[in-house]
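All residue numbers refer to positions in the sequence shown, counting from 1. Quick caveat, the model's predicted, so the values are computed rather than measured.
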Amino acid sequence: GGEGGAKLHVLSCDHRLCANCAAEHIVKRRKPVKQSDYVCPVEGCGQQLQQADVKALLSEQEYETYLDSDLKELDSANFRRCPTGCGWGMLLEDALGTSAKKPARNGEVGIDNKPLSMEAIRHRDHYRFRCRRCPNTEFCAMCNTSPYHLGFTCEGYRAHKAKRKCRFCGSEVAGDSQLILKEDSKGNKKALHKVLHARCVDYIPKGASIQALLDLVQRTDELGSLCKQEECVKRAAEACTRVMECGHLCLGTRGESVCLGCLQCGVAEGQGADEFCNICWVAELREAPCVKLKCKHIFHKHCVEKQVKSKWVGARVTFGFLECPLCKQHMEAEAIQDITEEGAALYKNIRIKAEQRLALEGNHKDAPELQPGGRYHQKPADYAMHKFAYYVCFKCRSPYFGGYRSCEVAAGEGEQDKFEESELVCGGCSAAGSTTCAKHGAEAIEHKCKFCCSVASWYCWGTTHFCDSCHRKQGTPESMSRKPKNQLPTCTPETCPLKIPHPPNGEEFVLGCQICRSASFC
């Protein structure tokens with residue numbers, strides 16, 4: 001071997017061979033069955049090849065065959081196979097030690113949400129395995145349970161499984177819970193009523209017999225699976241108590257006129273009880289009361305509440321907080337109507353103002369986005385929402401026009417999040433009663449930016465109006481308020497975007513009523 005530049009390999013027995021010739025001889029001529037059949041092909045040697053030699057000589061597939069060859073014949077009390085039936089297995093090296101091989105990981109808890117005991121750590125280190133062929137399979141090499149029962153020995157896990165678990169967090173439920181009917185109280189009508197009331201069952205038949213009450217207690221048994229943790233008790237108070245025809249609890253919110261459907265024996269819109277909530281991404285849907293939106297997507301109700309209450313980030317009003325994370329439609333559902341009501345009203349108000357503003361400017365008809373095939377074709381209101389920036393006045397809490405969204409490009413990344421809310425003041429409030437419209441009052445009053453030919457959206461120091469672009473330059477070397485008047489932008493009647501006579505930049509100026517400037521709305 002070795003002729004013509006062929007690759008050479010030195011075996012552990014010191015024989016130097018052509019790698020290709022050695023591999024062909026070992027696999028095709030000898031046709032090994034067991035790992036002991038993989039030997040040096042040199043006549044008279046016959047020394048068993050080490051694993052490193054086999055890996056260097058054979059292809060990846062042939063090497064896999066080598067690794068599995070002895071596993072197929074092993075029949076040992078210490079031999080364990082992957083529970084998926086993929087064929088992979090391993091040989092346990094020794095008995096369970098008396099100390100942990102690895103220290104406890106910070107914050108690591110078992111499936112019962114409790115810190116791991118030293119016994120559980122030792123069991124984990126010795127018996128928890130991940131299959132080499134199907135790496136998503138983690139199992140116990142002692143009892144073959146998959147996934148591995150972290151936090152328990154095999155015996156402890158069997159005992160844990162037999163106990164009642166909280167339907168929200170999975171921890172064990174104390175036997176003295178008033179939600180659980182005692183064995184010696186099955187014939188006590190008063191005790192049956194007490195358990196049903198504790199479970200908040202609101203459909204107890206009047207004058208029901210003991211047997212009917214007992215049947216209802218048994219039917220609502222899952223409502224008794226509640227631990228004493230404050231968070232779980234709070235979730236139980238918000239959760240629906242109805243039992244579906246299939247026997248499973250409704251995972252919706254209490255008080256809804258229509259249940260969201262069973263998520264345990266069926267999958268609704270691709271979402272099952274064991275799917276993660278697509279807002280928090282840390283808990284399954286079964287772990288908290290859920291809400292089904294008009295768009296059919298399902299989330300934890302408390303996650304929807306948190307998203308809506310967080311509102312928007314930055315000064316400019318945006319409405320991502322009202323959107324379904326999956327389809328971007330505005331979230332609507334009976335259970336969250338009171339939560340989204342304020343945001344929905346603000347959206348409607350700004351949408352009307354934006355459409356009026358679009359008509360006021362009147363120079364949008366040739367915009368490419370509104371032409372056939374454009375993103376906003378026959379959707380002028382959507383285009384207006386995309387084009388204009390609106391803010392909420394710090395004083396009157398009403399939305400007002402503050403320029404164009406394109407002005408944000410002039411700011412550095414993240415600058416839109418840095419603002420002083422008290423400086424967001426609408427034209428009517430900044431005029432402080434000195435300028436009003438006889439027809440529309442102060443609400444529609446707009447001011448010009450003191451430093452350029454744009455509509456102001458910021459009112460600072462109680463004296464100065466800024467547009468968004470000029471306001472973002474404050475605190476930088478480009479601060480507009482530090483520039484002398486002769487260095488500020490200039491315009492002519494032909495080039496001014498405001499299309500209205502005004503003093504030179506550097507002076508305050510009231511543009512007047514935005515509605516009156518458009519004959520369409522007078």
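Interatomic distance, NZ of Lys114 versus CG of Asp112, reported as 5.5 Å (0.5 Å rounding). Taken to the nearest 0.5 Å, the CD atom of Gln271 stands 6.0 Å off from the CG atom of Leu326. Put simply, SG on Cys250 and CG on Leu260 are 4.5 Å apart, with the number rounded to the nearest 0.5 Å. Atom CZ of Arg316 is separated from atom OG1 of Thr318 by 6.0 Å, given to the nearest 0.5 angstrom.
Checked options Glu334, Lys301, Lys292; the residue passing with Thr253 is Lys301 (criterion: side chain to side chain contact (heavy atoms under 4.5 Å, CB included)). Tested against Cys449 for a side chain to side chain contact (heavy atoms under 4.5 Å, CB included), the candidates Cys467, Ser457, Pro489 yield a single pass: Cys467. The side-chain hydrogen bond (donor to acceptor under 3.5 Å, both in side chains) test with Asn505 is passed by exactly one of Lys450, Lys448, Gln487, Lys485: Lys448.
Looking at Lys311 and Glu342, a side-chain N of the basic residue comes within less than 4.0 Å of a carboxylate O on the acidic one, giving a salt bridge. Remark: Glu231 engages Arg235 in a salt bridge, criterion side-chain N to carboxylate O under 4.0 Å. Salt-bridge check for Arg397 with Glu421: passed, with a basic side-chain N closer than 4.0 Å to an acidic carboxylate O. Under 4.0 Å is where a charged nitrogen must lie from a carboxylate oxygen, and between Glu172 and Lys163 at least one such pair does. Of the charged side-chain nitrogens involved, none lies within less than 4.0 Å of a carboxylate oxygen, so that Asp202 and Arg254 do not count as a salt-bridged pair. Salt bridge status for Asp382 with Arg375: absent, with no side-chain N to carboxylate O gap under 4.0 Å.
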Check against side-chain contact (heavy atoms from CB on, under 4.5 Å), Thr464 and His471 = CA-CA 10 Å; Thr464 308; His471 185 267; over 6 Å; no

inquiry  = Applying side-chain contact (heavy atoms from CB on, under 4.5 Å) to Phe276 and Val282, what does each step give before you reach the verdict?
reply    = CA-CA 7 Å; Phe276 280 114; Val282 296; 5.8 Å; no

task = Determine, step by step, whether Glu478 and Lys483 satisfy the salt bridge (charged side-chain N to carboxylate O under 4.0 Å, His left out) criterion, reporting the C-alpha distance in whole Å, the side-chain angles of both residues, the deciding distance to 0.1 Å, and the verdict.
result = CA-CA 8 Å; Glu478 295 297 316; Lys483 292 185 177 182; 3.4 Å; yes

Intermediate values then yes/no, side chain to side chain donor-acceptor pair (under 3.5 Å), Glu508 and His465 = CA-CA 7 Å; Glu508 286 286 325; His465 287 89; 2.6 Å; yes

message = Evaluate Glu332 against Leu293 for side-chain contact (heavy atoms from CB on, under 4.5 Å), listing each step before the verdict.
response = CA-CA 5 Å; Glu332 294 182 53; Leu293 306 179; over 6 Å; no

task = Output, in order, the C-alpha distance, side-chain angles, deciding distance and verdict of side-chain contact (heavy atoms from CB on, under 4.5 Å) for Val201 and Arg242.
result = CA-CA 8 Å; Val201 177; Arg242 298 172 187 169; over 6 Å; no

task = Could you please spell out the steps behind the ring pair (Phe, Tyr, Trp, His ring centres under 6.0 Å) verdict for His330 and Tyr347?
result = CA-CA 10 Å; His330 277 201; Tyr347 176 81; 4.5 Å; yes

task = For the pair Arg286 and Glu275, evaluate salt bridge (charged side-chain N to carboxylate O under 4.0 Å, His left out) and give the outcome as yes or no after the intermediate values.
result = CA-CA 8 Å; Arg286 69 169 78 245; Glu275 298 287 334; over 6 Å; no

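In plain terms, the two heavy atoms of Leu116 and Gly110 that are nearest each other are CD2-N, 3.5 Å. Residue His297 comes nearest to Cys324 through the heavy atom pair ND1-SG, 3.4 Å, listed as atom of the first residue, atom of the second, then distance. The nearest pair of heavy atoms linking Leu150 to Val109 is CD2-O, 3.5 Å. When every heavy atom of Phe509 is checked against every heavy atom of Pro501, the shortest pair comes out as CZ-O, 3.5 Å. Nearest heavy atoms, Ala335 versus Val291: CB-CG2, 4.0 Å. In plain terms, the two heavy atoms of Cys227 and Val233 that are nearest each other are O-CG2, 3.8 Å.
Residues Glu222 and Val243 form no side-chain contact, since every pair of their non-hydrogen atoms from C-beta on lies 4.5 Å or further apart. Residues Val317 and Ile350 are in side-chain contact: their nearest non-hydrogen atoms beyond the backbone lie under 4.5 Å apart. Between Lys387 and Tyr383 there is a side-chain heavy-atom pair separated by less than 4.5 Å. Within the 4.5 Å cutoff, the side chain of Lys165 has no heavy atoms near those of the Ser225 side chain. Met331 has its side chain within reach of Ile336: a pair of non-hydrogen atoms, C-beta onward, lies under 4.5 Å apart. Under the 4.5 Å side-chain criterion, counting only non-hydrogen atoms from C-beta, Arg164 is in contact with Asp221. Contact of the Trp458 side chain with the Val425 side chain is not registered, since no non-hydrogen atoms from C-beta on lie closer than 4.5 Å. Residues Asp468 and Tyr391 form a side-chain contact, since some pair of their non-hydrogen atoms from C-beta on lies under 4.5 Å apart.
Of the possible polar contacts, one joining the Arg167 side chain to the Leu223 backbone as a donor-acceptor pair under 3.5 Å is found. At least one donor-acceptor pair closer than 3.5 Å links the side chain of Gln371 to the backbone N or O of Ala367. No donor-acceptor distance shorter than 3.5 angstrom exists from the side chain of Glu138 to the backbone of Pro147, with no hydrogens or angles considered. Looking only at distances, a side-chain donor or acceptor of Gln307 sits under 3.5 Å from a matching main-chain atom of Phe321. When atom types are taken as modelled, the side chain of His377 and the backbone of Leu370 share a donor-acceptor pair closer than 3.5 angstrom. Side-chain atoms of Gln474 come within 3.5 Å of backbone N or O of Met480 as a donor-acceptor pair. Checked by atom type and distance alone, the side chain of Glu341 never pairs as donor or acceptor with a backbone atom of Asp338 at under 3.5 Å. When atom types are taken as modelled, the side chain of Thr220 and the backbone of Leu216 share a donor-acceptor pair closer than 3.5 angstrom. A donor-acceptor pair under 3.5 Å is formed between the side chain of Arg199 and the backbone N or O of Val217.
A search for side chain to side chain donor-acceptor pair (under 3.5 Å) contacts involving Asp215 returns Gln211, not counting sequence neighbours.
Within a 6.0 Å sphere centred on CD of Gln218, other residues, nucleotides and ligands contribute more than 12 heavy atoms. At most 12 heavy atoms of other shown residues, nucleotides or ligands fall within 6.0 angstrom of atom CZ in Arg482. The environment of Lys499 atom NZ is dense: over 12 non-hydrogen atoms of other residues, nucleotides or ligands sit within 6.0 angstrom.
Taking the centre of each ring, Tyr400 and Tyr390 stay at or above the 6.0 Å mark. Checked against a 6.0 Å centroid threshold, the rings of Tyr148 and Phe139 do not count as neighbours. Between His149 and His160, the distance from one ring center to the other does not fall under 6.0 angstrom. Residues Tyr376 and His386 place their aromatic rings such that the two centres sit under 6.0 Å apart.
Side chains of Thr476 and Ser479: a donor-acceptor N/O pair is absent below 3.5 angstrom, by distance only.
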